[in-house]
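Structure first, then comments.
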Amino acid sequence: MFYTDTPDKRSFKNGFVAIACAALLTFSAPLASHAQSLFATAIKVNDSSITNFELAERTRFLGLLRAPGDHKKLARQQLIEDRLKLGAARSVGIVPSREEVEAGMDEFAGRVNLTRAEFIQALNAGDVSEDAFRAFVRSGLAWRELVQAKFASRIGVTEDDIDRSVATSGTGATIRVLLSEIIMPAPPPQAAAVQKRAERISQITSVSAFAAEARRYSASASKARSGRLEWLPITQLPAPLRPILLGLAPGEVTDPIPLQNAVALFQLRDIEEVQAGEPQYAAIEYAAYYIAGGRTEAALAEARKIESRIDRCDDLYGIAKGQDPSVLDRGSKAPEEIPSDIAIELAKMDPGETSTTLTRANGQTLVLLMLCGRTPVLEEEVDRAELSLGLQNQRLASYSNGYLEQLRADARIIEK
């Protein structure tokens, strides 16, 4: 059996009127004024009104649910959307029955391991009525049924869709960051001065100012580009660095990051979410060829000479032939096992590329670093039925959000 919310509102209103009438005998005008204010229209959505009382109660409800964000702002947004959803559903004859709403209330309460009665009791203790809970569930049910009826024919998933999802590791959206960097050598005699300089640079919020410091102090190959790097998937950077970068706003600079014989700084220029998933890597293979002299002109010239003669890591064996075996390190390591300074350099490189940014032995040895290759994580067996359902839900959510925005754009919304 279908019903509207009129009986619930009438019974609530009758109860309120009885209380208000009794109160008038004692308090007269002040309480009447308060009641008028409480039930006055705060927002008009097409032909439907949202009262101050509803806003206050939804705000308390969100607080009890510990919803993130500004509860007052979120309450206004949700109640406007509820009116739009219910109006659109009713226009095509969709009105959840009392039994459906109560089943929805049972399901919602069950998420926190409570019965419906226990959940309502907890809400009442927080000054939130059962009617507020019922209205919250009703709009959600009506919208879900409407969206499924309207868009179900458009969310079919093919085998090719599933294959493409598997090919991108099934990770969905990923984050890319656009960075600028400064990597300053800091051998022991200069460590204190370099740290002080790094602390000063970390306060910069201007891209042009950071670029000027990079041109002046950075030892990285990006110095010639004012420290600017290309877009990098966040998954390609060392794991400890990721939350630091994601915590920045564009223009902000990290605190100085200590490396072996160096200090690094990164400025976030931009950040974006992309839909193509980035592969995760099980191992990264690289080679390090050590050149005596640190960052002296002679050592750097020797490195440039070697770089001109090599195209891949195997070529370094010919360079190291006849020398002490310790002059060349080559191996494959899990990302978390790679030293942080080497990991940062490798993240910026494609296979066959080299770097001469790093040093060892307190700055006395130059490291010619070369990326040999990356081994992606092997795909585990995929539950194609589950993946298909996930893709359908993603598409349905996209249609749902777009439809709601269309309803909002077409609506007459007046906020008092």
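Hydrogens, waters and symmetry mates are skipped; everything else that's a heavy atom, side chains included, is used. Here the structure is a predicted model, which means the values were calculated and not measured.
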Does [Y] offer a backbone N or O that forms a donor-acceptor pair with the side chain of [X] under 3.5 Å?
X	Y	result
R242	L237	yes
N401	S398	no
D270	L178	no
R374	Y281	no

Salt bridge or not for [X] and [Y], using N-O below 4.0 Å?
X	Y	answer
R58	E54	no
D70	R76	no
R330	E285	yes

Nearest heavy atoms of [X] and [Y], plus distance in Å:
X	Y	result
L86	A142	CD2-CB, 4.0 Å
S222	E181	OG-OE2, 2.7 Å
T357	I183	CG2-CG2, 3.7 Å
A198	M184	CB-CE, 3.7 Å
P238	A343	CG-CB, 3.5 Å
P256	V263	CB-CG1, 3.8 Å

Are [X] and [Y] side-chain neighbours, meaning at least one heavy-atom pair lies under 4.5 Å?
X	Y	value
I342	V367	no
Q78	F136	yes
E353	L371	no
L146	Y403	yes
V157	R395	yes
L179	L268	yes
F266	I344	yes
L366	T296	no

Gap separating the [atom1] atom of [X] from the [atom2] atom of [Y], nearest 0.5 angstrom:
X	Y	atom1	atom2	result
Q236	L241	CD	CG	12.5 Å
I201	L265	CD1	CG	6.0 Å
K223	R228	NZ	CZ	15.5 Å
E130	I120	CD	CD1	3.5 Å
T59	H71	OG1	NE2	9.0 Å
E307	L368	CD	CG	5.5 Å

Query raised in the report: Taking the six-membered ring for Trp, are F119 and F61 parallel (under 30°), tilted (30 to 60°) or perpendicular (over 60°)?
Result: perpendicular
- Task: Write out all pairs satisfying side-chain hydrogen bond (donor to acceptor under 3.5 Å, both in side chains) with one or both partners inside residues 205-215, taking only residues at least two apart or from two chains.
- Result: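 Sorted pair list: R200-E213, S206-S208, R215-S226.
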### Query
Taking only residues two or more places apart in sequence, or in another chain, which ones meet N261 in a side-chain hydrogen bond (donor to acceptor under 3.5 Å, both in side chains)?
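Listed in chain order: nothing, the list is empty.
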Applying side-chain hydrogen bond (donor to acceptor under 3.5 Å, both in side chains) to D47 and not counting sequence neighbours gives R412
| task | Start with the C-alpha gap between V207 and Q267, add the side-chain angles, then the distance that decides, and say whether side chain to side chain contact (heavy atoms under 4.5 Å, CB included) holds. | result | CA-CA 8 Å; V207 172; Q267 183 181 53; 3.9 Å; yes
Q. Is the charged tip of R360 near the ring of Y290: under 6.0 Å from the six-membered ring centre and within 45° of its axis?
A.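 Verdict for Y290: no cation-pi partner in R360.
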Check whether more than 12 heavy atoms from other residues, nucleotides or ligands sit under 6.0 Å from atom [atom1] of [X], and answer yes or no.
X	atom1	result
Q190	CD	yes
R408	CZ	yes
E230	CD	no

inquiry  = One pair to check against side chain to side chain contact (heavy atoms under 4.5 Å, CB included): I284 and K333. What are the steps and the verdict?
reply    = CA-CA 6 Å; I284 298 176; K333 295 183 178 180; over 6 Å; no
**Item:** Check against side chain to side chain contact (heavy atoms under 4.5 Å, CB included), F151 and S400
**Value:** CA-CA 8 Å; F151 301 111; S400 171; 5.8 Å; no
Problem set entry | Trace of the side chain to side chain contact (heavy atoms under 4.5 Å, CB included) decision for I310 with T354 | CA-CA 10 Å; I310 60 175; T354 59; 4.2 Å; yes
Original post:
Does a side chain donor of either E57 or S129 reach within less than 3.5 Å of an acceptor in the other side chain?
Top reply: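 Checked: E57/S129 side chains pair up, N/O donor to acceptor below 3.5 Å.
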